[in-house]
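One-based numbering along the sequence shown. Keep in mind that this is a model prediction, so the values were computed, not measured.
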Amino acid sequence: MVSGADNPAHLAMAALCRLIMLLAVTAILLRCRRMNHAARQSERRYRLLFDSLTIAIWEHDFSPIVAQLARLREEGISDIRRHIETHPDIVIAMRKLVRITDVNATALTMMGFERKEDFFDYLGDFLPEGDKSFAECIIAIDERRPLFHTEAVVIPRDGAPRQITISFGLGPQASLDRVPGSILDISRSKALEGQIQHAREELAEVQRTGALAAMSASIAHELNQPMAVIHNYANAAQRWLARVPPDLEEVQQALQGLTRGVDHARLVMQRVRSLIGEARIDRAEIDLADVLAGTVTLMGREAAESQTRLTLFSSPAEPVMVLGDAILLKQVFANLILNAIQAMESTAPGRRIVTLALDARDGQATVSVCDQGPGWADPGTQQDFDSFFTTKKNGMGLGLSISRTVVERHDGTMRRSRAPGGGARVDVTLPLAVNVVAIPCAAAPGLIPV
């Protein structure tokens with residue numbers, strides 16, 4: 001009788017099982033070999049990438065931090081942030097537990113080393129005692145943030161601090177015993193930022209100094225005209241007193257003009273200071289015709305001294321009312337008249353005429369000032385309105401610039417062009433006051449058309 005063990009069927013089944021097991025083991029071995037090969041390939045690619053990057057990288061072992069956080073929670077501490085804020089010594093202690101497991105060549109160069117074996121062993125070896133970035137890193141580890149980014153200061157081997165930015169991932173899938181961090185040295189950019197900030201501060205100081213100089217020059221320029229008026233009235237008073245007998249009535253009129261000139265100079269100084277300082281202009285309804293008439297009276301002696309005739313063309317049926325500062329606007333027109341007078345120094349005395357014309361239409365008032373001088377060199381550029389630009393030998397280049405500023409602060413415009421006959425023309429346009437209807441000026445014979 002044949003036993004079960006010797007049964008051919010049983011023997012065949014056992015052989016088949018052994019073959020299947022052998023094939024399964026072989027397949028597993030082949031799969032493991034492929035996996036090992038792929039792992040080695042991946043490791044080589046990672047190592048090649050790790051070592052060849054121009055960005056510094058070092059790996060951290062944060063597992064001791066995870067253990068310390070778990071211990072704190074076992075002790076009943078739930079608010080980790082508040083705890084480390086109130087216990088800064090814990091941050092220092094944890095920082096000394098973080099081991100540096102690997103570095104690339106760029107990190108070695110940045111920190112002043114040639115071999116990996118010589119690099120710092122722990123994070124606390126090259127972070128300064130006053131570092132505050134690691135406290136937030138502890139919070140990021142506790143929260144398992146996908147990305148942590150911060151700025152820090154590190155101390156290389158040569159001892160010169162470097163400012164860096166560092167980024168690494170701490171997400172739930174990250175292995176916290178090998179966390180590579182990418183480090184960028186921003187010391188130069190920070191130094192450049194400091195230089196730029198210093199340059200900005202210096203520029204601001206220069207601008208403040210320039211503004212002060214501009215204000216001083218502007219006040220000096222604007223006071224020049226009323227001071228000339230004061231001088232003329234004072235000379236006139238002296239001449240009338242020197243007569244035999246003295247003409248006291250004329251002296252009294254000259255002294256009254258002298259008083260008006262002093263008051264005007266004081267008001268001009270106040271207005272120009274407020275204008276340069278960007279202060280708000282106190283506006284009131286004023287009759288532009290009255291302002292022009294007062295300006296012509298103010299400039300009368302200046303015109304007489306230079307043998308210039310001032311002609312005012314203003315005959316509206318109703319007042320031409322605008323909202324503005326009468327003193328500043330009067331100074332604008334005084335500047336334009338003075339420029340016109342000075343432009344005609346080479347013109348024959350009989351042809352030295354400055355014409356002022358007032359027109360109002362379409363909700364705007366326009367004052368035109370024309371002279372009989374050589375005219376603008378290039379009326380299209382409007383460069384004469386720029387600060388400190390001048391064509392005069394002893395000019396400061398502020399008159400037209402200040403005048404335009406005043407006009408713009410009154411929501412108006414100032415334009416220049418050639419006057420008929422070849423002289424210079426400046427048009428000052430201002431908005432009429434609300435609910436005021438102005439009648440356009442009619443043409444008058446014998447005046448220069450504008």
* Asked: Quick check: are there more than 12 heavy atoms from other residues, nucleotides or ligands sitting under 6.0 Å from CZ of Arg71?
  ->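 More than 12 within 6.0 Å, yes.
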
* Neighbour count above 12 (heavy atom, 6.0 Å) for Glu75 CD ->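 Yes, because the 6.0 Å sphere around CD of Glu75 holds more than 12 heavy atoms from other groups.
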
Any donor-acceptor N/O pair, [X] side chain to [Y] backbone, under 3.5 Å:
X	Y	value
Asp362	Gln364	no
Asp427	Arg415	no
Asn104	Ile55	yes
Arg144	Ala174	yes
His60	Val179	yes

How many angstroms lie between atom [atom1] of [X] and atom [atom2] of [Y], to the nearest 0.5 angstrom?
X	Y	atom1	atom2	value
Glu143	Leu170	CD	CG	10.0 Å
Phe134	Leu127	CZ	CG	8.0 Å
Arg404	Met414	CZ	CE	8.5 Å
Ile77	Ile84	CD1	CD1	11.0 Å
Ile337	Thr355	CD1	OG1	10.5 Å
Arg99	Asp125	CZ	CG	12.5 Å

How about [X] and [Y]: do any of their side-chain heavy atoms sit closer than 4.5 Å?
X	Y	value
Ile80	Arg73	yes
Met299	Phe333	no
Asp79	Glu85	no
Glu136	Thr150	no
Val103	Phe120	no

* Which residues share a salt bridge (charged side-chain N to carboxylate O under 4.0 Å, His left out) with Arg157, sequence neighbours left out ->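 With neighbours one apart ignored, the set is empty.
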
* For the residue pair Phe62 and Phe168, categorise the inter-ring angle as parallel (less than 30°), tilted (30 to 60°) or perpendicular (more than 60°). =>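 Ring orientation of Phe62 relative to Phe168: tilted.
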
Distance-minimising heavy-atom pair for [X] and [Y]:
X	Y	result
Pro431	Val322	O-CG1, 3.6 Å
Pro161	Val153	CB-CG1, 3.8 Å
Leu430	Gly412	CD2-CA, 4.1 Å
Tyr122	Lys96	CD2-O, 3.2 Å
Leu176	Ile141	CD1-CG2, 4.2 Å
Leu323	Glu285	CD2-CG, 3.5 Å

* Asked: Does anything in residues 83-107 pair up under ring-ring contact (aromatic ring centres under 6.0 Å, His included), and if so which pairs, sequence neighbours excluded?
  ->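 Applying ring-ring contact (aromatic ring centres under 6.0 Å, His included) to every pair that reaches into residues 83-107, excluding sequence neighbours, yields His83-His87.
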
